[in-house]
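Chain A is the first sequence line, chain B the second, and so forth, proteins listed ahead of strands; every chain is numbered from 1. The structure displayed is predicted, hence computed values, not measured ones.
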Amino acid sequence: MLDLNVIGGYAWLIPGFTFAAFVVIMAIIATGGSGRLAARVAVAGILLSTLVSVPLLLAALGAEGGEHGGLAAEPFVATWWSWLPMGEGTLDFGALIDPLSAATAAMVGILCSAIFIYATAYMAGELEAYDDASGAVDPAVGNARYARFFAYVSLFATGMLGFVLASNLLQAMVFWEIMGLCSFLLIGFWYFKPSAAAAAKKAFLTTRIGDLFFFVGIMILFWMHGSVDYTTMLSHAGIGVLHDAAPLVLQFGPASLAIPMILLVGLMIFGGTVGKSAQFPLHVWLPDAMEGPTPVSALIHAATMVSAGVFLVARMYPAFAAATPDAPGSISGPMFVVAAIGAITALGAATIATTQFDIKRVLAYSTISQLGYMVAALGIGAYVAAVFHLITHAFFKALLFLGSGSVIHGVEHGMHHDHGHGHGHDHDAAASAPAGGYGAYAADPRDPQDMRNMGNLRERMPLTFWTYMAGTLALTGIPVWAGFWSKDEILAEAFHKGIQSQIVIAGFVWLLLTLAAFMTAFYMARQVFMTFFGPPASEGARHAPESAPAMVYPLVVLAIFATLLGFVGVPEGLPGLGPALGNPFHHFMGYLSTGAHFESLEFSWLPMLASVVVAALGWLVGWLIYGRDPAAVRAQDPLQRLGGAWKLLYDKYRLDELYGLVVRSDPRIHRESDASEADKPNAEQLGRLVALVDAFGTLNGQIDKLVVDGLVNLAGRAGEVFSRVNGWIDANVVDALVNLVAYVNGEISRGLKLLQTGRVQNYLLVVFFSLLILVGAFVM
Amino acid sequence: MIAMHFLQASVGWIRGLIAGQLGLAADALWVDLAIWLISALVILGVVQVGMLYATWLERKFLGRIQDRLGPNRVGIFGLLQPFADMVKMLTKEDITPAQAHRGVFNLGAILVVPPAIVVFAVVPVGIGLIATDLSVGFLFFISVASTAIIPIFMAGWGSRNKFAIIGAMRAVAQIVSYEIPQVLSVVGVLLLAGTLSTQGLTLAQGNGGAGDAIGYPGLWFVLIQPIAFVIFLLATTAEIERTPFDIPEAESEIIAGYHTEYSGLKFGLFQLSQYFMTIASAAMASILFFGGWLAPLPFLQRIGPLDLGWFWMGAKTIFFVLVFMWFRGTWPRLRSDQLMGFAWKVLVPLSLANLLMTGLIGYVTQSSTNLSGQPLLILLFFAVANALLLMATLWLIGWWRKNSERPRIRFEQAAAGELPPAEVAA
Amino acid sequence: MPAIPVWWYLMVATGLFSIGLYATLTRRNAVNVLMGVELMLNAVNLNAVALWRYASPTVSATVDGQSVQLLSTLDGQVFAIFVIALAAAEAAVGLALIIAVYRSRRTVELEQLDMLQG
Amino acid sequence: MSPLLLQQIAFMVLAAISLSGAWGVIRAHSVFVSALWLILSFVGVAGLYVMLEAGFLAVIQVLVYVGAISVLILFAIMLTEDVMGQAEPASQWPLAVLIVLPFFGMLAKAAFTADWQLSAGSVAPPEGASISAETAKLVTTAIPAEQGFRLPGQVVMLGRSLMTEHLLAFEVVAVVLLVALVGAIVIARD
């Protein structure tokens, strides 16, 4: 077996390889080298990282089995270099390897490898031909752009891996911000598209809000512990410090407000999560982030970076649970807020997803929803389940995104086949949309991302379809696929605590999450039926080819993961399967750094049955509405008959508008990203409104002329007379006084000026005169 | 230590002698006064006669160098020539220019002599034979010698004569410049001797001297500090404005420099002071580097009860006076810019390097217990260091010569048409 | 007790200082002003050395079998040495300034150097 | 004539030299002559240092003030010769008198009336005198020798004092001198 103490010492290679790849690619770009070479370097970098991170996970698995919390309580800590001497200790860059970081690092490595390989093919369009905003075509620019993509994603992988392995909170924050930067760069990868540039800015600024809270949290923790090392902060003693800390008392005159430190710290750290993991109310950036290339959506905005927020809460979980350090599963302190936010996000995003037409946008809301699941799970103390879902979700959501990318790619190629002109893919569709759009809620026939332009892809792209189905089944929680086991574990915990233990918040969470599960099945069914079934709705769908092998094989790999990964976390109580598999995931992950242990949940059929039933129901409803005649629903979504409620959902609860109103009236910040679907008021209603306004205006005008103007003119006359009097006084009294003051000042200054002789001896005379007086007073 | 006691004993003996003659207590103030008076008279007498015969010696010596006889009419070998010169000088008309500032003009001539005499107060000629053994003897010599430039300034300014003022300014610039390498070169010796007293400096160079206490062998410092000696000798030659450094009174350029307007007795005073300073400098060179009144070999120090310190001191002093004359007889005068450049670009860096070298070796040898009792090893150190310093000296002088000669080379190139016209015009 | 009371020295220092001050305040020529400053510095030095000699702490000691009082510090002299060193620096910079001013204005009369007049 | 009287006479002569030199500075009609008077004053002060048993300082005074600073002053006068007219006082001289005279009076009063807490001690025993071990402990700069302890001369003690307790000031002065040197060259060069 692999020895953690040996391989742990090489953990720096994990982010090191990708960073080296980044540096090499930057050199390639600087020297004008080949983009394909850059892609190969990036893939090589991440594969080497994976070759270290997977054995690291195996070594961590082998190192499990300590008496008091095992590897979690006694993690392997490596110091890479001492960065800053601070106070008594130094701030080190290093690695902390415990079950959480080892599992996540391996997951990130495998996913990044798959996505990088996929991207080499997906982004190849950049290489072939390139036209930027000015219309200039220059292959060298395309080449550099292709290479730049891989530079960015390599740097991103560095950030994510460094964040996961970080040994202290400040190091984590540094890599966290590197990720934020890469996210910004990659969302705005096609920066000449106004919508992409706006989306990048939006994502960057929105997450900064969360990061501010995060940083404040770090500072509070440093103030309390004198260190930002995880091992110091999150040990049993460190949690004790947090537990015993005096509350922060805010004084408002006579009233005072005492904020427990646990709550303050937890909420501040959670602020970072809300921003990064796109939780309500800062979730608005993530759907817009789909402006970036699809591999980026899969990598950053589905699988890794957004789950970094969840990872952060999981990492800091002992601090969140510090109110009851010995019963880690109980809900206390800031966890209420975490649970509520997570549940609201899960359901809210799922409802929005039911109304979207953009294939990636649906998945984006699905991602938000699933992140809400994880956050809610952490909030109700289902730590293991949350981490489990984090891992499984990363795989199947990345699979879905890559699948959607494959679909878009196919449809787009189909369109090219049809029209024989136009280059590039998802970026130029929106750019070429006519200014007026295609009417309210109608599909742009040239948009390769719109599900209403698809159909029948099941036959055109069979491998994509089948792998996509694996991801869908996993996401919707159909038994044996990975998502079922992880989602079921969350729901079981919520059910257990909420219904059986009568904890209100957990019950609330269970209710919302179950509803969200139904919604999930429903919108995924809708998506699958609209995309893959029925007759083709456009030339693009009709001629869509299967994607390149480099794109399909990663899908297959991920599909295998999405299908089978769940078996590592099958509840032990499940008859038959459970005892056979033994739930290794829980045994691996079930300890906290404080040494506390999460007991395995007693198995109960009820929540499992409930979730299966809900998922099945969702599929059923989805089939009833969308599955029977996909062609019709592509023309007009049946749910649109819901009217206002549908529009509210379609407009994402109009949160963007609200923020725009509150934060800044410039509509560009929130409107540009969906400029193609600007809502148009009904013309007829508009006409009536105009007539009414006209009549009112006429009446108003008369009143204005007769009454208001009269008053105004009267006031004007009076004002004029008064002003004349006033003017006289001003000129003869006030000005005279002012001039007098100025004159007196001038005369005094003229006298005082004489003191400034410019002769050094005069000054010296004054100096010694003063000295004479001073010393004289002293001597006498 | 032994020498110290001996010194005190001999002072006590003289003191007792005087007290006995005058019938006073040995520690009375009068005895001190009498000793001072006797010292002053002895110094004045010896130095004045020495000065007179230094002029004779110079004329004879230069004569030999220039293949002629020198004074040979007045007295045998012209030995009475100085007295004849003195009579001539005293009987010449004393002229004060009408435009001159009378007070400053006269004071300049008068004040130029005292510093040259006062410096002899710290010149020892044997055990106990020193006017005052100041603990800061060498510094006293330097500071008093440096005051000699004030009367030069007064002479130049008071004469109301362009040549006089130019000569005075040149003299002051030169003396101020050369004072620096002069002092810096001696600091190495002072470090080794551990004292500023001239008597102490002398004793430090003998066996059992003060130098013994800090582990150095009884050797003349010229052997340990040869570079410093050369620097000191050159700087001193410049200090006393002797050829080749006699630019302030370069007769072919500015007539006679700051004493152009002086005649008769006052002119004589300038000559007097210059010969005094020459003798004093020669004495100081022998004290600092050649063991002062110490004999070259121990058994030559005394004959029976008679200490021969005065003889050795006199011999060394006359030797150095001859050296100065030899310089005058053989070397051409420097150009003014060469003179200043030589002081600042060659002598000052070299003396600093020498000081650094001495300090380093002193530090190493005193801080290392292994070396403190090994004089030969220390001497080896100094030998190596001095060899290095000599190489540096040669390189530095070469560099300086190359740089100072560059204008001439360029001029010749221009004359030969080797330079482009634009550069010639520039 | 030394033969001369300490206030004799202090009076000389006071006189030097006052004369120096007068020179500083009344001389037209910048070089003359500098001379006044040097006089004042000399007065201060004299004061420091005199008070060092007369009023610095002593220690009882046995020298050659006799009990004597020895001055325990040389601080007054050290102070004076520093002042002299700084005076040298001051003179160098001051005279360099005077020469620079003379080059540009053809005068060193302080009453004509009043460019800062209000 | 006792040694005491002799000392007093010497003091008076030296004081007269110093003060008359200073007086000459303000009374001379020519700047050059002022400078010469100034030199006289410096020499007088050096003599007073000798009387105060500060021989090293006296020599330094002559070396630096007479040999260096005065020469600088004379040089400056020479270089600005053409503006040297009659050295008449500035127009504010009556005011200056009004300030200087009370100043003098005040300082003189302070010199007379202040309690100086005089202590009677000799500067140092004769160099080479043997001292007891207790004395050696008191005077930390004593050099051990075979037959007991020897006190070093004043110059040695001054050097040690500069290199130990006043080292910082010494270094600072060294830096100041260097800066002044460079600054003077920069200011005065063409």
Taking distance alone, no hydrogens or angles, what donor-acceptor pairs closer than 3.5 Å link side-chain atoms of residues 90-100 of chain C to residues at least two apart or in another chain?
none

Strictly by modelled atom types, are Gln61(D) and Asn42(C) linked by a side-chain donor-acceptor pair under 3.5 Å? yes

Which pair of non-hydrogen atoms, one from Arg53(C) and one from Glu53(D), has the smallest distance, and what is that distance? NH2-OE2, 2.8 Å

Show me the donor-acceptor pairs within less than 3.5 Å that the side chains of residues 172-186 of chain D make with the rest of the protein, sequence neighbours left out.
none

OH of Tyr49(D) to OH of Tyr9(C), rounded to nearest 0.5 Å, is 11.5 Å

Below 4.5 Å from any heavy atom of chain D, which atoms of Val12(C) appear? Answer side chain, backbone, both or neither. both

Min side-chain heavy-atom separation Val100(D)-Leu25(C) under 4.5 Å: yes

Compare every heavy atom of Leu52(D) with every heavy atom of Trp52(C), then report the nearest pair and how far apart it is. CZ3-O, 3.8 Å

Checking Asn47(C) against chain D: side chain, backbone, both or neither under 4.5 Å from a heavy atom? neither

Do Phe112(D) and Leu10(C) make a side-chain contact, defined as non-hydrogen atoms from C-beta onward lying under 4.5 Å apart? no

Side chain, backbone, both or neither: which part of Ala13(C) has a heavy atom under 4.5 Å from chain D? neither

Interchain contact, Thr24(C) with chain D, by part (heavy-atom threshold 4.5 Å): neither

If you round to the nearest 0.5 Å, how far is CH2 of Trp93(D) from CZ of Arg28(C)? 12.5 Å

At a heavy-atom separation under 4.5 Å, does Phe17(C) approach chain D through its side chain, its backbone, both, or neither? side chain

